[in-house]
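Working notes, beginning with the structure itself.
Each chain gets a letter, A, B and so on, in the order its sequence line appears, and its residues count up from 1.
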Number of protein chains: 2
Amino acid sequence: MPATQKTSRGRPRKSEAEEAALRARVIEVARDLFARGGYEGVSMRRVAEATGCSAGQLYTLFGGKRDLLRHIWEDAFSELADRLREASAERDPLRRLRALGDAWCRYWLANPDHYRSIFLIEDRVSEPGERYFVETSESLGALDLIAEAVSQSMEARLLAPGDEALVSQLFLCGLQGVVFNLITIPEFPWTAKEQMAARMITALIGGLSPD
Amino acid sequence: MPATQKTSRGRPRKSEAEEAALRARVIEVARDLFARGGYEGVSMRRVAEATGCSAGQLYTLFGGKRDLLRHIWEDAFSELADRLREASAERDPLRRLRALGDAWCRYWLANPDHYRSIFLIEDRVSEPGERYFVETSESLGALDLIAEAVSQSMEARLLAPGDEALVSQLFLCGLQGVVFNLITIPEFPWTAKEQMAARMITALIGGLSPD
DNA sequence: ATATTTTTATGAACGTGTTCAATTAATTCA
DNA sequence: TGAATTAATTGAACACGTTCATAAAAATAT
């Protein structure tokens, strides 16, 4: 008794391509709606209506509203990836590190809505099976580039030798903190919104330099 | 024509004290429910039922579910304030700075649910009238203590003289970034969860030290 | 007492994300 | 041409946060 029967009896499964096409169409429609009305301002019912399917069907294509949003941002991330690639062109590892951090911050500060949607909307985080959203996206891909720059900086004795992973994570945390605070507490009288990212990088590089 | 008439005609206003008492009762009841079921897991209807009033009335006492939560945490914050006060006992400004940062991080990492509730649940941020929640609470009160320690460290030439407000904010951002990342991306293989805060502080102090 | 007036309290109603039994569609076997 | 079977799709239903017209309550004025 073969587990998979070659010729099945009932209605055939929708082809992979068909499903992908429909998914793509929903994403396209939803992108426009979200861009206009914001995440909270657009309901799944509206997305469904605009797409021409039922709200229920959306849940066969996406895990939920948040998951739909992830797919929407997925190619918006390519822009961030581009910026990071540009920054990676810098040969000097320490200057590259600075350029990477700068690009990362600049991107998120220029797109606070993306940032909020991705980092600040908490749904049940504890889905054990699937990996955390941010990790799979281009966002933490920055960490790899940072780690490389850190590693090379250590080799060139531009940074004190040490646990390169930890140091990389410290850089990411520092940048994250700047961006997070600037975006989520915009009405606070931050001393220098534009310079904070650069100052953070400078401070961290200074603090991690060899004596 | 006096604006406030001494003896009014209709039903008398509920006394300030009565309203405060009811509010306090709701907070007490809701604290238990939230502690058990979590923020998402408890509905306003349930809170109302457990309190013995209607759901609608809750909205005369609190601005909404989030606002109710704020009141609940308000005295939970006193614990953080205590820790910060303890840390402030340290005389050496640089060691005090380190102790403050450490206490701040330790508190939030020990209470990730508080952190999430306060920093990660975004509702309409753009309420022009009322100040941002975090700013009014004890949370950013830490910034004042940090600023004082930074200022004194600069005077004692333990930190390079400079814009003390900016430097204080960099410290806060660095700490915030560490806590934020550890809490929101717990499944990421962080190299050293426990040491990251201390390392961040060390790095920042090092980077901001006089040459 | 009854009417008036002012405040408080209620509960139905709205739109939300999400689920799931029931329906419809599309195929193969008899 | 019918069953039979399997998958896709729907739409009613649920609990949610929140609002608001309406009802109840509590006082004074007649």
Could you check how far [atom1] of [X] sits from [atom2] of [N], rounded to whole Å?
X: A/Glu49; N: C/dG15; atom1: CD; atom2: C1'; result: 13 Å
X: A/Glu40; N: C/dG17; atom1: CD; atom2: P; result: 9 Å
X: B/Phe62; N: D/dT19; atom1: CZ; atom2: C1'; result: 18 Å
X: B/Phe34; N: D/dG17; atom1: CZ; atom2: P; result: 8 Å
X: B/Leu58; N: C/dG11; atom1: CG; atom2: P; result: 13 Å
X: B/Leu33; N: D/dA15; atom1: CG; atom2: C1'; result: 16 Å
X: B/Leu69; N: D/dG17; atom1: CG; atom2: P; result: 12 Å
X: B/Arg13; N: C/dT5; atom1: CZ; atom2: C1'; result: 13 Å

task: Kindly confirm or rule out a cation-pi arrangement of A/Lys65 over A/Tyr39, judged by NZ or CZ under 6.0 Å from the six-membered ring centre and within 45° of its axis?
output: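 Judged by the rule, A/Lys65 and A/Tyr39 form a cation-pi pair.
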field: Heavy-atom donor-acceptor pair, A/Arg45 side-chain to C/dG15 base, under 3.5 Å
entry: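 No such pair is found, so the answer is no.
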field: C/dT16 base / A/Arg46 side chain donor-acceptor hit below 3.5 Å
entry: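 Per atom types, no contact qualifies.
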message: Nearest heavy atom decides the nucleotide; on that basis, is A/Pro12 or A/Gly56 closer to the 5' end of DNA chain D?
response: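 Taking each residue's closest nucleotide, the earlier one in sequence belongs to A/Pro12.
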- request: Can you label the angle between the B/His71 ring and the B/Phe62 ring as parallel, tilted or perpendicular, going by 30° and 60°?
  value: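 Taking B/Phe62 first and then B/His71, their aromatic rings stand perpendicular (interplane angle over 60°).
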message: I want to check one thing: is the phosphate of D/dC16, taken as OP1 and OP2, less than 4.0 Å away from some side-chain N or O of B/Ser43?
response: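 Answer is yes, contact under 4.0 Å.
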- request: Output yes when at least one side-chain N/O atom of A/Lys14 is less than 4.0 Å from OP1 or OP2 of D/dA8, else no.
  value: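 For D/dA8, neither OP1 nor OP2 has a side-chain N or O of A/Lys14 closer than 4.0 Å.
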field: A/Arg23/A/Glu19 ion pair, N-O < 4.0 Å
entry: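 Salt bridge: yes.
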query: Is A/Glu79 paired with A/Arg83 through a side-chain N to carboxylate O contact shorter than 4.0 Å?
result: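 Yes, charged N to carboxylate O under 4.0 Å.
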query: When the nearest nucleotide of DNA chain C is assigned to B/Arg11 and to B/Leu22 on a heavy-atom basis, which residue is associated with the more 5' position?
result: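 Of the two residues, B/Arg11 wins.
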message: Assuming nearest nucleotide by heavy-atom distance, tell me which of A/Met44 and A/Gln57 is located more 5' along DNA chain C.
response: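 Between the two, 5'-proximity favours A/Met44.
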message: Under a plain distance cut-off of 3.5 Å, with no hydrogens placed, do B/Thr202 and B/Arg98 share a side-chain donor-acceptor pair?
response: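 Indeed, the side chains of B/Arg98 and B/Thr202 share at least one donor-acceptor pair under 3.5 Å.
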query: Choosing from C/dA9, C/dT5, D/dT9, which nucleotide comes nearest the side chain of B/Arg9?
result: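 The closest nucleotide is C/dT5.
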task: Pick base, sugar-phosphate or nothing for B/Ser54, based on heavy-atom distances below 4.0 Å to the nucleic acid.
output: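 The answer is base, as B/Ser54 lies within the cut-off (heavy atoms under 4.0 Å) of a base atom.
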message: Need one value for B/Val42: base, sugar-phosphate or nothing, where a base atom within 4.0 Å counts as base even if backbone is also close, heavy atoms only.
response: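 Answer is sugar-phosphate: B/Val42 comes under 4.0 Å of backbone atoms only.
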